[in-house]
Amino acid sequence: MVEGFNPVRYSVIKEKNPREIVMLVGDGCKWRKCRFCDYHLDSSLDIENNYKINKEALGHITGIYKKLEVINSGSFVDLDDKTIKLIKDICLDKGINEVHFECHYMHKDDIEKFKKDFSHLGITVLIKLGLETFDYKLREEVLVKGIEEKNPEVIAKYFDEINLLQGIKGQNADSMIRDIEMGLKYFKRVCVNIMVENAMPIKPDKKVINEFIKEVYPKYIDNERVDILLNNTDFGVGENK
Ligand code: SF4
């Protein structure tokens, strides 16, 4: 856990697929190699304390939209059993029938059972993959994402939704649109994250971000299946209090 990091862990997304969202803490991403990511630092091996933090965040849930998104700077497998049980209990209590979790490709074989465990309770689970781009070279040689599969049809057998990372060197308006269109073709929803500066080697590229704002953003701003985060705190979770 990063010292002094005291983020907002609960928020409500009111536009596009309205849902509540919580940012929970797990025991850490098992990949940790992506060259643009430092948010996996929001993790800890102190499972009891993680549960305490998670319980506090989950305690805000009202069930207002019957939908919940759970993020934890890693994969659902990093969350402890007590937290998963609490999520199920709260969903049943508040009438939530759809929960979105995130997951790295390396855990794809854990998804089926995880979904079943919720569907027995009448809760649909949707899994989001941080795919970042369909450009294999950029994804694996530059971003080091750790997704060996090239075929989107195969990836879509496991995952319902994807994150895309845009606004970095090696992209332009055409390539960003291509990625979003591929995402829309194979997946239920696409979340575009514009790169923001952090301590990692991949940096935001101003020129590419300007191209995004001018040529890509207007095309998808009203698309209900596309979330766009110009800043990584746009969902309302993550920023320091
Ligand atoms: S898989 Fe996700 S959490 Fe893990 S290093 Fe990559 S972007 Fe970060």
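Just so you know, ligand 1 is whichever comes first in the structure, and atom 1 is the first atom listed for that ligand. Model, not experiment: these values are computed from the prediction. Basis for what follows: all heavy atoms, side chains included, without hydrogens, waters or symmetry-related copies.
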Of Arg35, Met200, Lys145, the one whose closest heavy atom lies nearest atom 2 (Fe) of ligand 1 is Lys145

Are Lys116 and Glu112 close enough for a salt bridge, meaning some N to O gap below 4.0 Å? yes

Identify whether the distance between the nearest side-chain nitrogen and carboxylate oxygen of Lys157 and Glu153 falls below 4.0 Å. no

Before accepting this row, confirm whether a basic side-chain N of the pair Arg19/Asp227 lies closer than 4.0 Å to the acidic partner's carboxylate O. yes

Residue that, paired with Asp117, satisfies side chain to side chain donor-acceptor pair (under 3.5 Å) out of His120, Lys115, Lys113: Lys113

Can you say whether the rings of Phe101 and Phe76 are parallel (under 30°), tilted (30 to 60°) or perpendicular (over 60°)? perpendicular

Modelled atom types, side-chain donor and acceptor of Tyr65 and Glu98, under 3.5 Å: no

For atom 4 (Fe) of ligand 1, report each protein N, O or S atom nearer than 2.8 Å, sorted by chain and then by residue number. Cys29 SG

Residues that Tyr10 engages under ring-ring contact (aromatic ring centres under 6.0 Å, His included), provided they are two or more places apart: His60

A student checking ligand 1 against Phe36 at a 4.0 Å heavy-atom cut-off should list atoms 7 (S)

